[in-house]
Student: 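Before we start, here is the structure in question, set down as structure tokens.
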Amino acid sequence: FFMQQMVIYLTSVQAEADDDLWWRQRHYFFNVETSIATLAMCTTGGKDWEDIWVLIQPLGSFSAFAFSFYIAFFTFAVMNILTGIFVDNALQLCKPDDHEALCDHQKKVQKELEEL
């Protein structure tokens, strides 16, 4: 989506190609591969998303909103899912297995018998 919007924008303002903004837009959204890499860098900390926001703003409010939604969705939804998976795995590793639970139960029963 962003690459398509950027190509339309870049071809319409190609006369002003000397502008540094134009060259940065072209650099980060030149093809599908660089667009995907740019979006991945924005969400994983490889590139500050504000730098890319400056490049997307001239495309219009819809593209800016779509980019904001992408960043917010990834940050809150995807990262929460990944965090939940790691926490769940950590909890599973902390839980005693059947043998340990049986040993603990036998020790508890033995202790109660000794107290009687």
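Everything numeric in this text was worked out from a predicted model, so none of it was measured.
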Student: Looking at OG1 of Thr75 and CZ of Phe73, how far apart are the two atoms once the value is rounded to the nearest 0.5 Å?
Tutor: 10.5 Å

Student: Please say whether more than 12 non-hydrogen atoms of neighbouring residues, nucleotides or ligands are located less than 6.0 Å from CD in Glu33.
Tutor: no

Student: To the closest 0.5 Å, what do you measure between CZ (Phe74) and CG (Asn80)?
Tutor: 11.0 Å

Student: Could you pull out every donor-acceptor pair under 3.5 Å between side chains of residues 34-49 and any protein atom, sequence neighbours left out?
Tutor:
residue	atom	partner	partner atom	Å
Thr34	OG1	Phe30	N	3.1
Thr34	OG1	Asn31	N	3.0
Thr34	OG1	Asn31	O	3.1
Thr34	OG1	Asn31	OD1	3.1
Ser35	OG	Asn31	O	2.9
Thr38	OG1	Tyr28	O	2.8
Thr38	OG1	Thr34	O	2.7
Thr43	OG1	Leu39	O	3.2
Thr43	OG1	Ala40	O	3.1
Thr44	OG1	Ala40	O	2.7
Lys47	NZ	Tyr28	OH	3.1

Student: If you group Ile, Leu, Val, Met, Phe, Trp and Tyr by side-chain heavy-atom gaps below 4.5 Å, do Trp53 and Ile71 land in one group?
Tutor: yes

Student: Could you state the interatomic distance from CD1 (Ile56) to OG (Ser61), rounded to the nearest 0.5 Å?
Tutor: 13.0 Å

Student: Under 4.5 Å between side-chain heavy atoms, hopping through other hydrophobics if needed: is there a path connecting Tyr70 to Leu82?
Tutor: no

Student: Kindly write out the residues that satisfy salt bridge (charged side-chain N to carboxylate O under 4.0 Å, His left out) with Arg24, not counting sequence neighbours, or none if the list is empty.
Tutor: Asp20

Student: List for me each residue that meets side-chain contact (heavy atoms from CB on, under 4.5 Å) alongside Ile81, sequence neighbours excluded, and say none if there are none.
Tutor: Ile85

Student: Kindly work out whether a path of hydrophobic side-chain contacts (I/L/V/M/F/W/Y, heavy atoms less than 4.5 Å apart) joins Met79 to Phe69.
Tutor: yes

Student: Listed by chain and number, what are the ring-ring contact (aromatic ring centres under 6.0 Å, His included) partners of Phe76, not counting sequence neighbours?
Tutor: none

Student: Let me check something: any side-chain donor-acceptor pairs from residues 109-116 under 3.5 Å, sequence neighbours excluded? List them with distances.
Tutor:
none

Student: Of all residues at least two apart in sequence or in a different chain, which pass the side-chain contact (heavy atoms from CB on, under 4.5 Å) check with Ala66?
Tutor: Phe1, Phe2

